[in-house]
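Worksheet: the structure to be examined is printed underneath.
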There are 2 protein chains.
Amino acid sequence: MPRVRQDVPESHRTMQVVNHVRSLIENGTLQPGDKLPPERELARDLKISRASLRTGIGYLAAMGVMKIRHGVGTFVADGPPDLGKASLSFMGPLHGFQSWQMFEARILLESGLAALAAERGKDEHHAALAEEVAEMFAAIENPPEYLIHDVMFHRIIAQASGNPILAAIMETVTSSMYDKRRKTVERAIDLRESAEMHREIYRSIRGRKTADARRLMEQHLRMAQIAQGMERPGDKRSAAPAPREAPLGD
Amino acid sequence: MPRVRQDVPESHRTMQVVNHVRSLIENGTLQPGDKLPPERELARDLKISRASLRTGIGYLAAMGVMKIRHGVGTFVADGPPDLGKASLSFMGPLHGFQSWQMFEARILLESGLAALAAERGKDEHHAALAEEVAEMFAAIENPPEYLIHDVMFHRIIAQASGNPILAAIMETVTSSMYDKRRKTVERAIDLRESAEMHREIYRSIRGRKTADARRLMEQHLRMAQIAQGMERPGDKRSAAPAPREAPLGD
DNA sequence: ACCTGTTTAGAGGTCAGACCACAAGTATAC
DNA sequence: GTATACTTGTGGTCTGACCTCTAAACAGGT
């Protein structure tokens with residue numbers, strides 16, 4: 001019988017802390033950036049030991065809900081959401097996650113994101129995208145700088161999609177590939193073609209050409225995938241000779 | 001400015017434990033299902049206090065990498081991967097995640113997953129899907145039972161896609177909607193049409209009709225979305241851009 | 001031999017209180 | 001006025017004792 005168990009891995013006291021904080025968040029008492037009371041005080045209020053309290057706080061911190069700063073305090077996370085970004089690095093070895101699968105996930109997500117962005121993007125997003133494209137062209141001779149704007153470009157599209165959940169997921173998947181990406185860009189020879197593709201994507205989004213945006217993004221990422229040697233093994237599609245020097249960066 | 005910070009929220013000792021376990025996993029010493037040495041012993045070996053060790057273990061458990069069983073021991077997780085499933089419930093209130101966004105993410109993911117399944121599904125998957133479809137038809141008068149096979153059907157497709165990462169992401173998104181889904185099924189009037197759609201999806205996957213599988217899955221989910229009243233506000237046939245917005249930049 | 005209730009050993013969970021380390025403000029010395 | 005030192009508040013770590021849960025070993029009765 002398929003059971004959809006919630007698997008709350010928490011022991012009594014930890015649960016107590018987690019639920020306490022959860023209710024504080026849900027009823028609006030705690031908002032992003034807010035500071036939690038000092039551990040000693042909170043522990044006293046909840047009638048539990050500081051050790052147990054810390055277990056609960058640790059759990060929340062591990063999930064990215066809280067942010068602990070030594071000597072300062074514990075705060076509710078306020079940055080961009082983080083859905084299991086950290087755990088992904090463990091999942092690889094444990095569940096046999098492959099690089100090409102990561103990339104495939106990225107292609108699926110980002111092409112959908114691009115379509116949504118084309119559909120819903122606002123002027124401010126268009127402006128921000130144009131800005132990043134310009135910066136990319138300006139940084140064609142400077143790979144590290146180029147990568148920064150490249151990342152930003154994709155991030156803005158995710159925002160323009162109007163779906164923060166998908167954006168968070170994309171961020172999780174993408175971040176795990178950052179290192180490899182950086183190396184690729186380092187030895188990139190021709191970033192011009194990459195920048196060109198970004199420009200086309202931008203134009204299709206601005207022109208609200210949903211299908212184009214999806215197609216161009218997919219095409220762009222497939223090229224990047226090839227450039228980074230992350231193709232799916234056994235994916236025999238040598239029909240079109242892969243450019244020896246595919247556009248790098250993405 | 002775009003910063004791709006790794007955000008390792010861990011203090012020295014916790015880090016030490018996490019990295020220790022990480023290396024054990026990466027070099028294959030620890031495999032899914034394996035048992036970790038007792039806390040007291042491990043703490044002694046690592047030359048740290050049991051309290052600190054427990055902090056690290058707790059961190060890993062929170063990420064779903066380890067599974068703690070009171071009175072028994074600590075084990076490496078062996079079930080299906082879990083990418084921040086638990087944290088999603090906190091992200092809602094914190095980052096304004098909406099139900100329709102969750103559903104939109106699901107549609108994007110599952111339609112892509114269906115296409116991949118059509119492309120790569122093996123006989124065993126086809127057989128399993130046929131089985132679930134049959135069970136669904138048999139349970140048309142029994143909503144709770146129906147839901148079980150419904151969930152299973154989608155899960156098998158995810159498996160058939162050959163991409164465990166996407167499957168894990170889908171699982172995360174889906175699980176957060178389970179409760180609402182159960183309620184919908186409870187008051188469902190005609191599960192026959194739903195079963196019929198699943199059958200069509202199954203046939204397209206079995207027939208390796210990639211585009212059909214994608215289209216049918218999307219259509220199926222959009223219908224479910226409407227049934228659960230999770231449409232995007234202002235997204236009706238009138239087609240007026242929704243005024244909803246989230247600020248840019250991060 | 002076979003159940004069944006009890007004991008026991010091993011593992012994680014909790015507690016208490018002391019002390020360490022870090023960050024930031026405040027007072028003091030120059 | 002600036003720089004250093006002190007004080008305070010907060011999280012980080014340690015110690016070692018005790019609690020609770022599980023599962024296996026054991027003992028008794030059938």
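This one's a predicted model, so the numbers in the text were calculated from it and none came from an experiment.
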Would you say [X] reaches [N]'s phosphate, i.e. side-chain N/O to OP1/OP2 under 4.0 Å?
| X | N | value |
| --- | --- | --- |
| Ser11(B) | dG11(D) | no |
| Arg54(B) | dG12(C) | no |
| Ser52(A) | dG13(C) | no |

Donor-acceptor pair, side chain of [X] and main chain of [Y], under 3.5 angstrom:
| X | Y | result |
| --- | --- | --- |
| Ser161(A) | Asn163(A) | yes |
| Thr172(A) | Leu83(A) | yes |
| Ser11(B) | Thr14(B) | no |
| Asn19(A) | Gln16(A) | no |

Between [X] ([atom1]) and [N] ([atom2]), how many Å, whole number?
| X | N | atom1 | atom2 | answer |
| --- | --- | --- | --- | --- |
| Ile68(A) | dG9(D) | CD1 | P | 21 Å |
| Gln16(A) | dG13(C) | CD | P | 15 Å |
| Leu46(A) | dC15(C) | CG | P | 11 Å |
| Leu42(B) | dG12(C) | CG | P | 9 Å |
| Arg44(B) | dA11(C) | CZ | P | 11 Å |
| Leu53(B) | dG13(C) | CG | P | 11 Å |
| Leu60(A) | dG11(D) | CG | P | 14 Å |
| Lys47(A) | dT14(C) | NZ | P | 17 Å |

What string of B, S and - do you get for nucleotides 19-24 of chain C 5' to 3' if you count protein non-hydrogen atoms under 4.0 Å? B-BBSS

Which comes earlier along DNA chain C counting from the 5' end, the contact point of Arg13(A) or that of Lys35(B), where each point is its nearest nucleotide? Lys35(B)

By nearest nucleotide on DNA chain C, pick out whichever of Ala51(B) and Glu41(B) is the more 5' one. Glu41(B)

Would you say the ring centers of His198(B) and His154(B) fall short of 6.0 Å from each other? yes

Identify, with sequence neighbours excluded, every residue that meets salt bridge (Lys or Arg N to Asp or Glu O under 4.0 Å) alongside Arg50(A). Glu39(A)

Tell me whether Glu104(A) is salt-bridged to Arg120(B), with the criterion being a basic N under 4.0 Å from an acidic carboxylate O. yes

Given dG12(C), dG12(D), dC14(D), the nucleotide with the shortest approach to the side chain of Ser49(B): dC14(D)

Would you classify Thr74(A) as touching base, sugar-phosphate or nothing, given that sugar-phosphate means primed atoms plus P, OP1 and OP2, and contacts are heavy atoms under 4.0 Å? sugar-phosphate

